[in-house]
Protein chains: 2
Amino acid sequence: MKKKSSPESGRPRSFNINVALDTALRLFREKGYEGTSLSDLTKAMGINRPSLYAAFGDKRALFENALQRYSDFYHVYLREALQQETGRAVAEHLLLNSARLLADPQNPRGCLFVQGALACGEGAESVRQELINHRGKVEKEIRRRLKRAKADGDLPPTASPADLAAFLASVMYGMSVRAASGKSRAELKRVAETALQAWPK
Amino acid sequence: MKKKSSPESGRPRSFNINVALDTALRLFREKGYEGTSLSDLTKAMGINRPSLYAAFGDKRALFENALQRYSDFYHVYLREALQQETGRAVAEHLLLNSARLLADPQNPRGCLFVQGALACGEGAESVRQELINHRGKVEKEIRRRLKRAKADGDLPPTASPADLAAFLASVMYGMSVRAASGKSRAELKRVAETALQAWPK
DNA sequence: GTACATCTTTACCGTACGGTACATAAGTAA
DNA sequence: TTACTTATGTACCGTACGGTAAAGATGTAC
């Protein structure tokens, strides 16, 4: 992806590539793939266009990098949630931390998997598909964990891991939409707590 | 909005304005405001650009018309739901019909209030704000209805109409995201049914 | 120093965008 | 027929987009 072959020769890069990537991630999360222009990106990074292209390739490749970075962070959160001891604890962790992260005042509101490209023109169709895949994988991991929970007996025999996972994912994406509307952490937390009432006993 | 002053004089319009508006609505719902180009619109309508501008004004005004049309349909569904007799029945109606409408095979997937402009560039910022307002109004109507339900005694005294309304809205928006991922009515229905487990008894 | 590699700057490319001027076609009114 | 009104088709406008060519700047290796 990036050049592993970075000999010490040549003019050194004048900007920190990870800082630039974080800037790109912020913008993509806030305005989506199509809504973020190259001028937005270079301006926010404080560099010129060819520097961006030399470092990352084209816009699509830059998004790919930013998405990977986001996905890495996301999976830290996800893993932590899925490592909880019971199905109920997993659900609590997922929803309450979603509320916290999606409305983090330090970051753009909402989830990149949703905000990145929910509805878009033909030029971003492949990005949209990729985000659909990411969302699907998240849901799949939750489903696997809940299947185990059911096998472990900390979910009733009548409970459906697939339905519960789909429900949790839906609430998380719904909270993302609400976060993008400017709702606070407290408001999202109440949604999470209400959703948890649906958990089978 | 449209010209009431339509004397029988002058060359008659060669296309049906409501059909054209429906076409616009479909496109905006599928690709969002920014993702839908004037060429997409005129091509799908089978007319030329000046005809579109003469009939609707600019792109923004056309979106406004399409949004109004969508909102009219939406409020039929919403009113029907809010007219149910109990809080529980309202919630059921809202969620189950959301599932049905959001994944309608005859229409683009998802809700225009969400898909229209969730994350976008500066040029669509006002559209985004407007959709936030629409979502807020929907939630407010649900909240009002649930307050009445509580007063009527068909919600427990401990229940929070505001929290329940926010929860219902979140699930509906989450289902919209899932619908945009291509999930079927059946899958969305299971989400709705799972969500209903959270309803206070 | 010289050679070499890489990044940066400026200036530009083609394309697609939203929007419009203008001449003409197609209807009604007299 | 003539005048008038409105919609249409063509051809175009300026701007912003994603992307790049080419020349100069800045480092390392010798």
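Below, read A as the first sequence line, B as the second, and so on, with proteins coming before strands; counting in each chain starts at 1.
One distance of note links CE of M45(A) with CG of L62(A); it measures 5.0 Å at 0.5 Å rounding. Atom CD1 of residue I17(A) and atom CG of residue D22(A) lie 12.0 Å apart, to the nearest 0.5 angstrom.
Atom-to-atom, CD1 of I17(A) to P of dT6(C) comes out at 14 Å; the value is rounded to the nearest Å. Rounded to an integer number of Å, the gap from K59(A) NZ to dA16(C) C1' is 13 Å. Rounded to whole angstrom, the span from the CG atom of L38(B) across to the C1' atom of dT10(D) amounts to 16 Å. What separates CD of E122(A) from C1' of dT15(C) is a distance of 15 Å, to the nearest Å. Between E34(B) atom CD and dC17(D) atom P the separation is 10 Å, expressed in whole Å. When rounded to the nearest whole Å, the span between CG of L41(A) and P of dC17(D) equals 11 Å. Atom pair F56(B):CZ and dG18(C):C1' shows a separation of 17 Å (rounding to whole Å applied). Rounded to an integer number of Å, the gap from D58(B) CG to dC13(D) P is 22 Å.
Relative ring orientation between F28(B) and Y33(B) is described as parallel, the plane-to-plane angle staying below 30° on a 0-90° scale split at 30° and 60°.
Between R190(B) and E193(B) there is no salt bridge, since no side-chain nitrogen of the basic residue lies less than 4.0 Å from a carboxylate oxygen of the acidic one. Taking 4.0 Å as the cut-off between side-chain N and carboxylate O, E122(B) and K31(A) count as a salt-bridged pair. Salt-bridge check for E92(A) with R88(A): passed, with a basic side-chain N closer than 4.0 Å to an acidic carboxylate O.
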Report the C-alpha separation of D104(A) and R185(A) in whole Å, then their side-chain angles, then the decisive distance to 0.1 Å, and conclude whether the side chain to side chain contact (heavy atoms under 4.5 Å, CB included) test is met. CA-CA 7 Å; D104(A) 179 0; R185(A) 278 178 162 174; 3.6 Å; yes
Please evaluate residues R128(A) and E125(A) with respect to the criterion salt bridge (charged side-chain N to carboxylate O under 4.0 Å, His left out), reporting the C-alpha separation (whole Å), side-chain torsions for both, the decisive distance (0.1 Å), and the verdict. CA-CA 5 Å; R128(A) 190 180 141 264; E125(A) 180 57 29; 2.5 Å; yes
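Note that the two end axes of the helix from dG1(C)-dC30(D) to dA30(C)-dT1(D) enclose an angle of 0°, each drawn from 5 base pairs, rounded to 10 degrees.
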Please encode protein proximity along nucleotides 24-30 of chain D as a string of B, S and -, counting only heavy-atom distances under 4.0 Å. BBBBS--
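Only one option out of Y70(B), Y173(B), F113(B) pairs with H134(B) in a ring pair (Phe, Tyr, Trp, His ring centres under 6.0 Å); it is F113(B).
For R60(B), the CZ atom is densely surrounded, since the number of other residues' heavy atoms within 6.0 Å is greater than 12. Atom NZ of K150(A) has more than 12 neighbouring heavy atoms from other residues, nucleotides or ligands inside a 6.0 Å radius.
Non-hydrogen atoms lying under 4.0 Å from DNA chain C are contributed by N48(A), P50(A), S51(A), all within residues 42-51 of chain A.
Comparing S37(B) and L52(A), the nucleotide of DNA chain C nearest to each residue sits closer to the 5' end for L52(A).
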